[in-house]
2 protein chains.
Amino acid sequence: MRKTIERRSGVALWRQIADGMRLAINNGDYDDTGMMPSEATLAETFGVNRHTVRSALASLADEGMVRSVQGVGTLIERRDRLTFPISRRTRFSQGLGGQAKELEGRLVHQTIEPASPIVAKALNLATGIGCVRLETVGIADGKPISAATSYFPADRFSMIGDVYARTGSITRALAELGIDDYVRCSTEISASHAEGIDLRLLKLSPGAILLVTTSVNADTDGRPIQYSRSRFAADRVRFFVET
Amino acid sequence: MRKTIERRSGVALWRQIADGMRLAINNGDYDDTGMMPSEATLAETFGVNRHTVRSALASLADEGMVRSVQGVGTLIERRDRLTFPISRRTRFSQGLGGQAKELEGRLVHQTIEPASPIVAKALNLATGIGCVRLETVGIADGKPISAATSYFPADRFSMIGDVYARTGSITRALAELGIDDYVRCSTEISASHAEGIDLRLLKLSPGAILLVTTSVNADTDGRPIQYSRSRFAADRVRFFVET
DNA sequence: GCATATTTGTCCGTATGTATT
DNA sequence: TAATACATACGGACAAATATG
């Protein structure tokens with residue numbers, strides 16, 4: 001199978017090749033052997049010089065995806081894409097049963113600020129009403145999966161940052177604050193290149209892709225309680241919508 | 001607002017900047033004036049030379065996003081990210097009401113082939129049963145939005161390729177073949193870099209992002225009739241899930 | 001019409017990164 | 001490892017088109 005590599009496109013050949021190989025690995029293309037083809041074979045496949053393939057493999061090795069062993073070949077170290085169900089009952093920490101051994105939510109930052117027009121509309125508040133903003137990172141088996149910015153009405157949830165920091169879960173934090181149950185109203189999904197702080201929070205390399213969800217959760221009375229924008233490392237997750 | 005541009009990352013600065021500006025345009029950041037800031041301002045914002053900004057703008061002009069006029073500035077020509085609802089009633093040609101003037105489905109290729117294990121499982125058939133495979137492209141206002149590979153059981157839908165080629169719509173093609181109504185059972189969503197034929201079909205440049213959906217449609221009796229893998233140009237669409 | 005500031009377009013040269021042989 | 005070719009990025013200077021008062 002001959003891959004398409006474009007020159008003079010503003011993307012270095014080695015990066016295009018690295019992206020292609022990462023895709024193939026996550027796709028399970030090399031699952032039978034657990035190894036990459038030889039550098040010579042890859043160079044032939046992509047139609048480039050072996051040096052260029054080596055640059056691509058070095059980049060993948062850098063992010064822990066593969067490991068090259070002299071005299072043996074290039075071993076695949078990691079291949080995993082978690083499946084997140086999206087439904088009325090969507091929670092970060094549930095629905096992943098068995099897919100990850102350890103789940104953790106970490107509070108990066110919290111502030112109280114007046115609601116912007118967008119946040120106000122989503123939470124059904126007047127613009128300028130105080131909101132708690134949480135910056136959080138979701139971690140599965142020690143690997144950062146998502147970075148999220150969440151807004152809660154400050155009148156009802158002024159303490160949620162502290163509780164979340166202690167419990168590591170929005171669901172548990174809301175439970176302590178009297179919300180036994182809540183539902184996902186809507187989810188908007190898009191994709192973009194990772195930028196700025198997300199590169200660092202999610203330990204991504206430039207050019208990496210984010211799956212971005214914008215969602216609203218409401219209590220059982222239908223009152224909005226949380227507006228979030230979550231950025232998922234696209235090569236680690238997929239979403240599943242049952243309709 | 002200072003954007004993060006990474007050097008020595010394997011992605012040319014002008015491309016990172018072009019991607020950032022495309023994102024901002026689609027995000028509506030410049031809607032008040034309908035123009036980009038001056039090249040000098042952009043160069044300052046991104047912390048690069050004006051020539052580099054010009055390369056990025058040239059690339060955006062190339063894809064019809066902006067148009068530069070000497071002495072005036074750089075005008076925004078197009079700003080569009082279609083919102084696709086995902087629900088039990090998901091169809092390409094519906095739910096886009098008003099978002100695009102002209103919608104079209106084009107048949108690229110069709111074959112009849114035995115069902116692979118994955119296709120067979122999705123369509124609830126035995127492996128090896130004949131299936132019609134359609135390669136299609138969805139076009140809105142003359143711009144390719146999605147490329148899709150669809151499988152239908154050949155016994156019931158052997159003619160669907162021809163009907164689709166004539167009608168330009170899966171829904172209408174199924175209607176002619178006796179399926180008045182059908183529902184979306186499940187949708188899986190992921191994202192990856194565009195590769196190979198998708199670059200050409202969707203007229204994308206390397207490094208572009210795809211939103212990939214894998215879905216199953218069934219008739220009203222619950223029998224699966226269509227299994228599809230659709231690749232959407234991520235900078236032209238978003239998905240919306242109501243739950 | 002005129003002068004001036006602003007903005008894009010084009011040219012020069014130089015240094016560095018990328019890819020091949 | 002070295003030599004080569006090309007793409008990328010920067011800096012500066014000036015021309016051409018447009019907007020403003």
Side-chain angles (χ1 to χ4, degrees), chain A residues 2-22 36-63 68 70 74 193 195 199 205-208, chain B residues 2-22 24-25 29-78 193 195 199 204-208:
Chain A
R2 175 163 217 88
K3 302 274 184 169
T4 309
I5 299 293
E6 305 238 351
R7 289 155 202 263
R8 285 179 299 286
S9 65
V11 184
L13 295 190
W14 65 262
R15 173 159 286 283
Q16 293 184 55
I17 292 166
D19 290 339
M21 293 196 298
R22 192 187 301 106
M36 299 298 291
S38 73
E39 293 175 356
T41 307
L42 288 168
E44 167 76 17
T45 305
F46 289 103
V48 300
N49 192 274
R50 184 172 149 249
H51 293 308
T52 311
V53 167
R54 286 179 58 78
S55 299
L57 286 173
S59 152
L60 289 182
D62 221 47
E63 54 185 89
S68 294
Q70 206 170 85
T74 303
H193 285 99
E195 269 204 348
L199 285 174
S205 39
Chain B
R2 173 162 227 92
K3 299 273 184 173
T4 309
I5 300 294
E6 307 247 349
R7 291 158 198 260
R8 283 179 297 285
S9 66
V11 183
L13 296 190
W14 66 262
R15 175 159 287 287
Q16 296 182 54
I17 291 166
D19 291 337
M21 294 195 299
R22 191 188 302 104
I25 291 170
D29 290 4
Y30 306 123
D31 277 10
D32 45 348
T33 62
M35 288 184 65
M36 300 298 292
S38 74
E39 294 175 353
T41 308
L42 289 167
E44 167 76 16
T45 305
F46 289 105
V48 300
N49 191 274
R50 183 175 149 238
H51 293 304
T52 310
V53 167
R54 284 179 57 76
S55 299
L57 287 172
S59 152
L60 290 182
D62 223 47
E63 53 186 87
M65 199 111 199
V66 302
R67 181 169 52 94
S68 294
V69 180
Q70 199 174 138
V72 178
T74 303
L75 289 71
I76 294 168
E77 290 281 273
R78 189 166 49 75
H193 286 98
E195 268 208 345
L199 284 175
L204 297 170
S205 40

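Below, chain A is the first sequence line, B the second, and so on; all start at residue 1. Atoms considered below: every heavy atom in the structure, side chains included; atoms not considered: hydrogens, waters and symmetry mates.
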Nucleotide nearest A/His51 when distance is taken to its side chain, options D/dT1, D/dG11, D/dA17
D/dT1
Under 4.0 angstrom between A/Asn49 side-chain N/O and C/dA19 OP1 or OP2:
no
Within the structure provided, determine whether B/Met21 and B/Val66 are in side-chain contact (heavy-atom separation under 4.5 Å).
no
Specify the separation, in whole Å, of atom CZ of B/Arg15 and atom C1' of C/dT18.
16 Å
Please state how far atom CZ in B/Arg67 lies from atom P in D/dA17, giving the value in whole angstrom units.
16 Å
Using whole Å, report how far CD of B/Glu39 lies from C1' of C/dG9.
8 Å
B/Leu57 CG - C/dT7 P separation (whole Å)
14 Å
A/Phe46 CZ - C/dT20 C1' separation (whole Å):
18 Å
Roughly, in whole Å, what's the span from CG in B/Leu42 to P in C/dT6?
17 Å
Does C/dT8 have OP1 or OP2 under 4.0 Å away from a side-chain N or O of B/Thr74?
yes
Nearest to the side chain of B/Thr52, which nucleotide is it out of C/dA19, D/dA9, C/dT8?
D/dA9
Would you say a side-chain N or O of B/Arg54 is under 4.0 Å from OP1 or OP2 of C/dT8?
no
Expected output: side-chain B/Ser55 to main-chain B/His51 donor-acceptor under 3.5 Å
yes
Inter-residue atom distance A/Arg54.CZ - A/Asn49.CG, 0.5 Å rounding:
11.0 Å
Which nucleotide in the list C/dT8, D/dG12, D/dT1 gets nearest to the side chain of B/Ser68?
C/dT8
Considering all heavy atoms, the nearest B/Tyr30-B/Ile25 contact:
CD1-CG1, 3.9 Å
Distance from A/Arg50 atom CZ to A/Thr52 atom OG1, nearest 0.5 Å?
11.0 Å
Which listed nucleotide (C/dT8, D/dT8, D/dC10) is nearest to the side chain of B/Trp14?
D/dT8
Rounding to an integer number of Å, can you tell me how far B/Gln70 CD sits from C/dA5 C1'?
15 Å
By nearest nucleotide on DNA chain D, pick out whichever of B/Arg50 and B/Val53 is the more 5' one.
B/Val53
